[in-house]
J.: 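Sharing a structure here in structure tokens format.
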Amino acid sequence: ALKDLPPQEFDIAMLVNGYLQEAPGEHHHAKAVIRLLGPLSPSSLTRARVRMFHKARRAEGASDSTINRQSRVLRAALEWGRKEGWLKEL
């Protein structure tokens with residue numbers, strides 16, 4: 001169906017929100033990902049940007065285990081996007 005086609009343009013927030021439709025239990029850990037990385041296009045997500053995300057979260061007082069869970073949500077959303085045809089490769 002046409003509704004299943006990925007959008008022509010999307011950012012990380014849209015990708016994470018798409019993933020959350022299938023994994024609503026991850027909503028809490030997705031909030032910081034969306035807040036700090038959401039406006040970026042997935043193609044602009046580099047290792048350096050992920051390290052900046054980790055640094056920003058530490059500065060906000062997040063524990064390493066929280067940051068790791070948030071990073072897992074980001075990875076899962078990217079994998080979801082690949083499986084759904086939003087992303088060509090990771």
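Keep in mind that what you see is a predicted model, and the values were worked out from it rather than measured.
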J.: Tell me every residue that passes side chain to side chain donor-acceptor pair (under 3.5 Å) with Glu22, counting only those two or more places apart in sequence or in another chain.
T.: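 Glu22: side chain to side chain donor-acceptor pair (under 3.5 Å) contacts with Trp80.
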
J.: Quick one: pull up NE2 in His27 and OH in Tyr19 and give me the separation to the nearest 0.5 Å.
T.: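 Here the interatomic distance stands at 13.0 Å.
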
J.: Any link between Val50 and Ile12 through a network of hydrophobic side chains (Ile, Leu, Val, Met, Phe, Trp, Tyr) touching at under 4.5 Å?
T.: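 Linked within one cluster.
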
J.: Sort out for me which residue in Lys55, Arg47, Arg49 forms a side-chain contact (heavy atoms from CB on, under 4.5 Å) with Arg51.
T.: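 Of the listed residues Lys55, Arg47, Arg49, the side-chain contact (heavy atoms from CB on, under 4.5 Å) partner of Arg51 is Arg47.
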
J.: Any heavy-atom pair between the side chains of Asp11 and Leu37 that's under 4.5 Å?
T.: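 Of all side-chain heavy-atom pairs linking Asp11 with Leu37, none is under 4.5 Å.
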
J.: I'd like a table of donor-acceptor pairs (distance under 3.5 Å, sequence neighbours excluded) in which one partner is a side-chain atom from residues 63-70, with atom names and distances.
T.:
unit_1: Ser63; atom_1: OG; unit_2: Ser65; atom_2: OG; d: 3.1
unit_1: Ser63; atom_1: OG; unit_2: Thr66; atom_2: N; d: 3.2
unit_1: Ser63; atom_1: OG; unit_2: Thr66; atom_2: OG1; d: 3.1
unit_1: Asp64; atom_1: OD1; unit_2: Arg58; atom_2: NE; d: 3.2
unit_1: Asn68; atom_1: ND2; unit_2: Asp64; atom_2: O; d: 3.3
unit_1: Arg69; atom_1: NE; unit_2: His29; atom_2: NE2; d: 3.2
unit_1: Gln70; atom_1: OE1; unit_2: Arg57; atom_2: NE; d: 3.0

J.: Please walk me through it: do Phe53 and Val33 pass side-chain contact (heavy atoms from CB on, under 4.5 Å)?
T.: CA-CA 8 Å; Phe53 169 75; Val33 174; 3.9 Å; yes

J.: Would you say the side chain of Phe10 lies within less than 4.5 Å of the side chain of Leu87, judging by non-hydrogen atoms?
T.: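 Contact flag for Leu87/Phe10 side chains = yes.
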
J.: Write down the atom of Leu15, the atom of Ala77, and the distance for their closest heavy-atom approach.
T.: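 Closest pair (atom of Leu15, atom of Ala77, distance): CG-O, 3.8 Å.
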
J.: Are the charged groups of Arg35 and Glu60 less than 4.0 angstrom apart, N to O?
T.: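 Between Glu60 and Arg35 there is a salt bridge, with a charged N closer than 4.0 Å to a carboxylate O.
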
J.: Using a 4.5 Å cut-off on heavy atoms from C-beta on, say whether the side chain of Trp86 contacts that of Pro7.
T.: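 Answer yes - side chains close enough.
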
J.: Find the distance between NE2 (His54) and CG (Leu36) and round it off to the nearest 0.5 Å.
T.: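 Result: 11.0 Å between the selected atoms.
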
